[in-house]
Every structure is written in structure tokens, then in C-alpha cells.
Amino acid sequence: MALHRGTRVYRNHQLLDGAAVALFPLPMCGRFALHASPEIVAEFLSLDEIDEFPPRYNIAPTQPILIAIGGHQDRPDANRANRSAQLARWGLIPSWVKDASKFPLLINARGETAATKNSFRAAMKYRRCLIPATEFYEWRRTGGGPSEPFLFRPKFGRPFAFAGLMETTIDPDGGEIDTAAIVTTKASGPPADIHDRMPVAIEEGEFERWLDCRDYNPAGVADLIAGSAVRGFEIVRIGTAVNKVMNADPSIQEPVDEHPIRSTGETKTAREADTGSHSDDVDQLKLI
DNA sequence: CCAGACGTTGTT
DNA sequence: GTCTGG
DNA sequence: CCAGACGTTGTT
DNA sequence: GTCTGG
């Protein structure tokens, strides 16, 4: 690990007059939830079948996550995509890695560069996947104080899907291990107030294209990443209980404030529309 | 040619 | 400060 | 992503 | 396996 750490420092800096200076300003998604029923998720992803799974409110790196793969309609009778769901460890391990313990945890892949990186190139070309979720979490770093957690949730009750990359590797015991990472891009709109990076979400109408690695190469899906916007979400500040992975019950999602501090999308939130409470939040309402 | 990295986020 | 575990 | 460890010798 | 640095 010392090697990697040293390398990172070296690559991000350049020696000028003997002093290390940053070459460029280094401007995510590290936690999410999935508590829709398996039936809803299967319908959402057009899966023929799906195993049971429990509701999870605090999914963290290294844990198993549900992913959907496949998608080319190679069955003549298929009007629904030929997809399947399975579990993968969150933290992608490239197939050529000999000792995963000496390799950093790749929970995110930068969408801007993933197609050219050794670690992601093959997955970007051959093993794109979707990662269903019902909410995700982001932390806002404040000056010196503790970071504040925020919940990003769709304004209308439906799951969404992250753009994911999947890889299969062989563990020391000879067993196959499937791993996955979430694709990220530069944050824009309201999410940018929380964090510089955000996960890429794929619209339902584009599931097929993202998953179909036979007919669409990385260039053929680049627009899904570049044009990604986290639309139709509201962003609410939540308590710090989410910080601890052990805290995994629904209460960790309870808002701290009365209203969402931000909303993404074209209109005011459903919640505000229902209650008619515009008030202080309206001027903070920003559109993507 | 061989050796060694292969990544993201964040920080200052 | 840095690494590991979840 | 955050939280929590970060070590050795020896013993049960 | 493939790329970069030396």
C-alpha cells in the first residue's frame, strides 16, 4: 500500500524548484440504499426473475450489491430485455490483479476517463451494468467541521439505476468473484452544491443501450455519461447516523430540516406541491 | 528493454 | 497520517 | 463514503 | 493484460 500512496502523491504533483505543487485542482457515490421490493426492482429493470433480498438503507463499499447485466435482445421472442440480476462486491477488482489486498478499493470509476484506464477499460467495453437504488447519500465537506450527510431521493416513488461497471476475478482460492463500481461524473446543478462529483444515473429509456455491450461500445454510450444529470431528485440533509455502516435502519434517512434544501428537475417537489409550502425554500430551488 | 503501475475521493 | 473494514 | 485501528509476545 | 517511466 505504501507504494500506491507514494505513487498517488507523485502523480498528482510536480516538482518545481524542489517543491511539490499540485498539477491540477482535483475537484462520487460512496453509500446508497435499496429498499424496494424484489418484485418492483424486477419490473423496473425488466428482469424475468430475481432472488429475494432484504431492504437495505445503508449499503457501503465492500458489501454485496445487486447488479443487472445483459440486455441485448438475442431472443427472437423477446420484447423485454434479456437481463439478469446478481450480486457483486462493491469495489471493482480488474481481472489482472494478482493480490486484491494490495490493490485499492475502486468503488467509483470516473466516467470521463474510464474507457481508457487499464482498470476499467474492459469493463467499460464488455461489462457495463446497472445498479438499482432507491436513494443515495453524499457528504458535504465544510471548512474544518464534520462533513454533513445528505440524502438524494427521487421525488416520485420509483427506483433509479446507477451506471455501473462489473468485473470478474479469481480469488486466491480459485473461486470467481464478481465486483462492481459506480460510474461518476462532474456534478452539475443542485448536486454541485453538495459535492463536486456525482454518480451517473441511467434513464429507463436508455437501460438497453447502456447494458448492450455488443452493439454499443464505450463511444456509443459516452453521451449517457456526459449528459448525465441527476434529475427529479430532492436533496435533504439528514443526521449523522448514516455515517456508521452499522446504522442501517430506515430512521437514518429522516430529514433534519423541515423542507428539502435543494431539488433537481423541472418543477417544485411533489412534497411542496402537496403542502403548498413554498416559503423559504423556493429561492433555493435550483433547476438542472 | 524491464519495472512498476494500474484508482477515486479529498486535502493543502 | 494512513490503512482496513464495512 | 465514514469509522476505527494503528502492536508484540505469549497464553488459553 | 496494457500502459508509462526510466
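Remember, it's a predicted structure, so these values are computed and weren't measured experimentally. As a basis for the values below, the full set of heavy atoms in this structure was taken, side chains included, without hydrogen atoms, waters or symmetry mates. Reminder, nothing fancy here: chain letters follow the sequence lines and each chain counts from 1.
- A donor-acceptor contact shorter than 3.5 Å is absent between the side chain of A:T184 and the backbone of A:P199.
- With both ends at atom C1', the span from B:dG4 to C:dG6 equals 30 Å, rounded to whole Å.
- Aromatic pair A:F152/A:F160: ring centres not closer than 6.0 Å.
- Judged by distance alone, the side chain of A:R31 and the main-chain N or O of A:N243 form a donor-acceptor pair under 3.5 Å.
- When atom types are taken as modelled, the side chain of A:R83 and the backbone of A:L45 share a donor-acceptor pair closer than 3.5 angstrom.
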What verdict does the side-chain hydrogen bond (donor to acceptor under 3.5 Å, both in side chains) test give for A:Q63 and A:R56, after you've listed the backbone C-alpha separation in whole Å, the side-chain angles of each residue and the deciding distance to 0.1 Å? CA-CA 11 Å; A:Q63 294 179 351; A:R56 294 167 67 195; 3.1 Å; yes

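- Looking at residues 168-180 of chain A, you'll see that no heavy atom sits under 4.0 Å from any atom of DNA chain E.
- Around the CG atom of A:D249, the shell of radius 6.0 Å holds more than 12 heavy atoms that belong to other residues, nucleotides or ligands.
- When atom types are taken as modelled, the side chain of A:D178 and the backbone of A:T168 share no donor-acceptor pair closer than 3.5 angstrom.
- Atom CH2 of A:W90 is separated from atom C1' of D:dC2 by 12 Å (rounded to the nearest Å).
- Spacing of C1' atoms, D:dC1 relative to B:dT11, comes out at 16 Å, to the nearest Å.
- The distance from atom NZ of A:K98 to atom P of E:dG1 is 7 Å, rounded to the nearest whole Å.
- Nucleic acid contact class of A:S95 (heavy atoms, under 4.0 Å, all strands): none.
- The side chain of A:F103 lies closest to B:dC6, out of C:dG6, D:dC2, B:dC6.
- Using a 4.0 Å heavy-atom distance criterion, A:L92 is classed as making no nucleic acid contact.
- A:D171 contributes a side-chain N or O that, together with a main-chain N or O of A:G175, makes up a donor-acceptor pair within less than 3.5 Å.
- Here D:dC2 presents its P atom at 14 Å from CG of A:L105, a figure rounded to the nearest Å.
- The phosphate of D:dC2 has OP1 or OP2 within less than 4.0 Å of a side-chain N or O from A:S147.
- OP1 or OP2 of B:dT9 has at least one side-chain nitrogen or oxygen of A:R197 nearer than 4.0 Å.
- In this structure, A:I65 places its CD1 atom 14 Å from C1' of C:dG6, rounding to the nearest Å.
- As a whole-Å value, the separation of A:R140 CZ from D:dC1 C1' is 16 Å.
- Atom CG of A:N243 and atom C1' of C:dG6 are 13 Å apart (whole Å).
- A:R128 places a side-chain N or O within 3.5 Å of a backbone atom of A:D212 that can act as its donor or acceptor partner.
- Cluster annotation: A:I182 is connected to A:L87 through the hydrophobic network of ILVMFWY side chains, with a link wherever side-chain heavy atoms come within less than 4.5 Å.
- When all heavy atoms of A:C129 and A:L165 are compared, the closest pair comes out as SG-N, 3.7 Å.
- Put simply, CD1 on A:I194 is 16 Å from C1' on B:dT9, counting in whole angstrom units.
- With distances taken from any side-chain atom of A:Q63 to the nucleotides B:dT9, C:dG6, D:dG4, the minimum falls on C:dG6.
- Going from the P atom of C:dG5 to that of D:dT8 covers 15 Å, rounded to whole Å.
- For A:W139 and B:dT9, the CH2 to P distance is 14 Å, given to the nearest whole Å.
- Among the nucleotides C:dG6, D:dC1, B:dG7, the one closest to any side-chain atom of A:R141 is D:dC1.
- Here the two rings, on A:W90 and A:F32, have centers that are under 6.0 Å apart.
- Residues A:D215 and A:R209 form no side-chain contact, since every pair of their non-hydrogen atoms from C-beta on lies 4.5 Å or further apart.
- Among the nucleotides D:dA3, B:dT8, D:dC1, the one closest to any side-chain atom of A:T113 is B:dT8.
- Of the residues in residues 115-127 of chain A, A:N118, A:R121 come within less than 4.0 Å of DNA chain E through at least one heavy atom, sorted by number.
- Not one side-chain nitrogen or oxygen of A:S101 sits closer than 4.0 Å to the OP1 or OP2 atom of C:dT4.
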Reading 5' to 3' and counting Watson-Crick or G-U wobble pairs with both distances under 3.5 Å, write the dot-bracket notation for DNA chain C, | for bases paired outside the strand. ||||||

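- Cluster membership for A:F136 and A:F44, using ILVMFWY side-chain heavy atoms within less than 4.5 angstrom, is shared.
- Comparing the P positions of E:dT2 and B:dT9 gives an interatomic distance of 26 Å, to the nearest angstrom.
- Of the candidate nucleotides D:dC1, B:dG7, B:dT8, B:dG7 has the atom lying nearest to any side-chain atom of A:L106.
- Considering only side-chain atoms of A:W96, the nucleotide from D:dG4, B:dC6, C:dG6 that sits closest is B:dC6.
- Remark: A:R89 is not in phosphate contact with C:dG6, judged by side-chain N or O atoms under 4.0 Å from OP1 or OP2.
- OP1 or OP2 of D:dG4 sits under 4.0 Å from a side-chain N or O of A:K244.
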